[in-house]
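Heads up: numbering here begins at 1 and tracks the sequence. Below, all heavy atoms of this structure are taken into account, side chains as well, without hydrogens, waters or symmetry copies.
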Amino acid sequence: MPHDLIVHSHEPLNAEPPLALLRAAFTTPQSRFYVRCHGAIPELDAARHRLRVGGLVGAPLDLSVADLQSRFAPRTVAAVLQCAGNRRADLQQVAPTTGDAWQGGAIGHADWTGVALRDVLLAAGASAGPGLHVVLSGEDTLDVKGAPVRYEVSVAMERAMDSDVLLAWAMNGEALAPEHGHPLRAVVPGYAGVRSAKWLSAVTVQDAPAASPVQQHDYKLLPPHMTKVDAEQDANWLAGVPINEMPLNAVICEPEPGARLSAGPAPVRGYAVASGRQVVRVDVSADGGRHWVQAALEQGSGRWDWVFWSATLDLRPGAHELAVRAWDSAGQTMPAQPDDTWNIKGYLCAAWHRVPVTAA
Ligand SMILES: Nc1nc2c(c(=O)[nH]1)N[C@H]1C(S)=C(S)[C@@H](COP(=O)(O)O)O[C@H]1N2
Ligand SMILES: [Mo]
């Protein structure tokens with residue numbers, strides 16, 4: 001069980017690290033990695049676990065974890081995993097939403113080891129044809145109107161065939177902890193965490209996205225006028241935009257909101273993430289965004305890394321609103337206010353992150 005984490009709910013387990021702890025290491029240790037579960041954590045035996053690969057494939061497979069490890073080339077990919085609900089607490093400052101009040105810690109960066117889903121699909125004789133979807137099924141169930149429903153999501157075949165999409169058994173060189181999907185999970189870098197199915201037991205190729213509630217109903221971006229009641233109407237959630245790629249984002253990890261600092265030079269640190277594009281600049285402000293200074297960036301070497309940034313602000317005595325915004329390689333930046341992207345489900349908050357502090 002993870003310690004160090006702020007727990008939003010115990011059953012199902014939903015927890016995130018305090019931001020200063022998250023910022024302490026570029027590679028997030030498993031014990032400090034956020035946990036997002038829709039149901040109870042299944043207890044699975046790695047030696048007996050099976051992965052069934054079927055559907056529209058030429059040669060269905062039934063593999064143990066040891067088969068995956070011996071028959072396919074192992075591969076390690078450094079990637080951020082983040083929940084679509086990361087920073088929901090900031091949207092809830094605008095108006096209530098459904099879902100847990102995640103701060104900026106529903107994100108982490110790990111070295112994932114497994115095999116390419118692509119290699120397994122090709123071994124099963126799957127074709128890369130258009131219009132196909134790869135359904136990823138977990139062993140867990142979630143409660144939908146009082147009935148248990150299996151956790152299932154899907155990824156379009158084009159994306160599933162990217163060799164960075166993994167069937168992973170290890171995180172940072174250690175076996176996956178139970179809460180992170182032991183003994184096997186999918187990792188879909190750059191996509192919202194929901195697609196990275198944990199406790200993975202089936203991969204199914206079909207000609208439509210997964211019919212499950214998690215795929216069809218949850219994790220859709222609804223327009224700002226929709227209420228909780230609207231979001232429960234089938235017609236409305238069918239019209240929602242499925243969340244896959246994640247927006248450019250940046251968060252101040254230190255100091256924390258309400259901090260009392262000494263006047264003078266104040267170190268400010270955080271992370272930024274562009275999910276497959278590149279973070280090229282991070283601006284930090286001590287006056288709510290009227291004036292900005294450029295932060296120093298610590299980059300990784302891969303496509304799916306986050307950026308650690310740091311800056312020193314000169315604080316005069318008094319109250320200050322720290323703010324951060326990132327820029328990506330396409331010259332895009334973040335909305336100034338959470339009001340700009342508020343939605344009833346509380347997804348994809350990517351507004352300037354603002355932290356009130358006082359200096360004396
Ligand atoms: N089987 C299964 N997979 C799952 C989930 C789940 O509840 N069940 N939650 C998803 C969501 S919404 C996220 S954000 C990530 C979180 O992964 P983590 O708990 O390892 O951080 O797992 C995804 N995969
Ligand atoms: Mo999530």
query = Can you list the steps and then say if Arg75 with Asp164 is a side-chain contact (heavy atoms from CB on, under 4.5 Å)?
reply = CA-CA 8 Å; Arg75 192 169 159 66; Asp164 285 351; 2.4 Å; yes
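- Considering all non-hydrogen atoms of both residues, Ala326 and Ala272 come closest at CB-CB, 4.2 Å.
- Taking the ring axis of Phe308 as reference, the NZ or CZ atom of Arg269 does not stay both within 45° of it and closer than 6.0 Å to the ring centre.
- A heavy-atom distance below 4.5 Å is found between the side chains of Leu348 and Met246.
- The list of side chain to side chain donor-acceptor pair (under 3.5 Å) pairs with a residue in residues 44-62, not counting sequence neighbours, reads Arg50-Asp62, Arg52-Asp62.
- Within the structure, salt bridge (Lys or Arg N to Asp or Glu O under 4.0 Å) pairs that include any residue of residues 214-223 comprise Asp218-Lys345 (at least two apart or interchain).
- Residues Leu167 and Val165 share a single hydrophobic cluster, defined by chaining ILVMFWY side chains whose heavy atoms lie under 4.5 Å apart.
- Under the 4.5 Å side-chain heavy-atom criterion for ILVMFWY residues, no single connected hydrophobic cluster contains both Leu221 and Trp342.
- Inter-residue side-chain proximity for Cys349 and Gln92 is flagged as unmet; no heavy-atom pair is nearer than 4.5 Å.
- Judged by distance alone, with hydrogens and angles left aside, the side-chain atoms of Ser154 form no donor-acceptor pair with the main-chain N or O of Pro209 at under 3.5 Å.
- Under a 4.5 Å side-chain heavy-atom criterion applied to ILVMFWY residues, the cluster that includes Leu21 comprises that residue alone.
- By the criterion of side-chain heavy atoms lying less than 4.5 angstrom apart, applied directly or through intervening Ile, Leu, Val, Met, Phe, Trp or Tyr residues, Val251 is not grouped with Val293; the two fall into different hydrophobic clusters.
- A parallel orientation is assigned to the rings of His109 and Trp306, their planes being inclined by less than 30° (bins at 30° and 60°).
- Of the inter-residue distances, the one linking Arg36 atom CZ with Lys198 atom NZ reads 8.5 Å to the nearest 0.5 angstrom.
- Interatomic distance, Leu261 CG to Leu313 CG, rounded to the nearest 0.5 Å: 10.0 Å.
- If you chain together hydrophobic residues whose side chains sit under 4.5 Å apart, Leu117 and Phe72 fall into the same group.
- Across Gly240 and Leu222, no two heavy atoms sit closer than the pair CA-CD2, 3.8 Å.
- Panel note: side chain Ser285, backbone His291; a donor-acceptor pair is recorded below 3.5 Å.
- Side-chain atoms of Thr76 do not come within 3.5 Å of backbone N or O of Asp111 as any donor-acceptor pair.
- Taking both residues in full, the closest heavy atoms of Tyr34 and Gly105 are given as CB-O, 3.4 Å, listed atom of the first, atom of the second, then distance.
- A side-chain contact (heavy atoms from CB on, under 4.5 Å) with Val120 is found for exactly one of Val203, Val57, Leu68, namely Leu68.
- Heavy-atom minimum distance, Ala211 versus Gln216: O-CG, 3.6 Å.
- Atom OG in Ser201 sits 9.0 Å away from atom CG in Leu184 (nearest 0.5 Å).
- Distance check, rounded to the nearest 0.5 Å: CG of Asp140 to NE2 of His38 gives 9.0 Å.
- Atoms CE and CG, on Met157 and Asp207 in that order, are 11.0 Å from each other to the nearest 0.5 Å.
- A 4.5 Å side-chain heavy-atom check between Trp199 and Arg185 finds every atom pair outside the cut-off.
- The backbone N or O of Gly108 sits nowhere less than 3.5 Å from a side-chain atom of Thr28 that would complete a donor-acceptor pair.
- With respect to Arg325, the side chain to side chain donor-acceptor pair (under 3.5 Å) criterion is satisfied by exactly one of Asn249, Asp283, Thr333: Asp283.
- Between Trp309 and Val324, some side-chain heavy-atom pair lies under the 4.5 Å cut-off.
- Asp328 places no side-chain N or O within 3.5 Å of a backbone atom of Val279 that could act as its donor or acceptor partner.
- Remark: the backbone N or O of Ala175 is paired with a side-chain donor or acceptor of Gln30 at under 3.5 angstrom.
- In this structure the side chain of Tyr151 never reaches within 4.5 angstrom of the side chain of Leu136, judged on heavy atoms.
- Residue Ser310 holds its OG atom at 10.5 Å from CD of Glu254, rounded to the nearest 0.5 Å.
- Using bins of under 30°, 30° to 60° and over 60° for the plane-to-plane angle, the ring pair His8/Trp102 lands in the perpendicular bin.
- The distance between the ring centers of Trp352 and Trp292 falls below 6.0 angstrom.
- In terms of heavy atoms, Asn86 sits closest to Gly104 at OD1-C, 3.1 Å.
- At distances below 3.5 Å, at least one donor-acceptor pair connects side-chain atoms of Arg88 with backbone N or O atoms of Gly346.
- Side-chain atoms of His182 do not come within 3.5 Å of backbone N or O of Ala177 as any donor-acceptor pair.
- Side-chain heavy atoms closer than 4.5 Å link hydrophobic residues (I, L, V, M, F, W, Y) into clusters, and following such links, possibly through other members, connects Ile243 to Tyr191.
- The local environment of CD in Glu256 is sparse, with at most 12 non-hydrogen atoms from other residues, nucleotides or ligands closer than 6.0 Å.
- A 4.5 Å side-chain heavy-atom check between Glu152 and Val214 finds every atom pair outside the cut-off.
- Between Gln332 and Arg277 there is a side-chain heavy-atom pair separated by less than 4.5 Å.
- Here the side chains of Arg118 and Leu122 are in contact, with some heavy-atom distance below 4.5 Å.
- The two residues Pro255 and Leu322 come nearest to each other via the heavy atoms CG-CD1, 3.7 Å.
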task = I would like to know whether Leu81 and His180 meet side-chain contact (heavy atoms from CB on, under 4.5 Å); could you show each step before the answer?
result = CA-CA 11 Å; Leu81 186 73; His180 293 301; over 6 Å; no
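- One N or O on the side chain of Ser196 and one on the backbone of Val188 form a donor-acceptor pair closer than 3.5 Å.
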request  = Quick one: do Tyr347 and Leu91 satisfy side-chain contact (heavy atoms from CB on, under 4.5 Å)? Show the steps, please.
outcome  = CA-CA 8 Å; Tyr347 293 134; Leu91 292 176; 6.0 Å; no
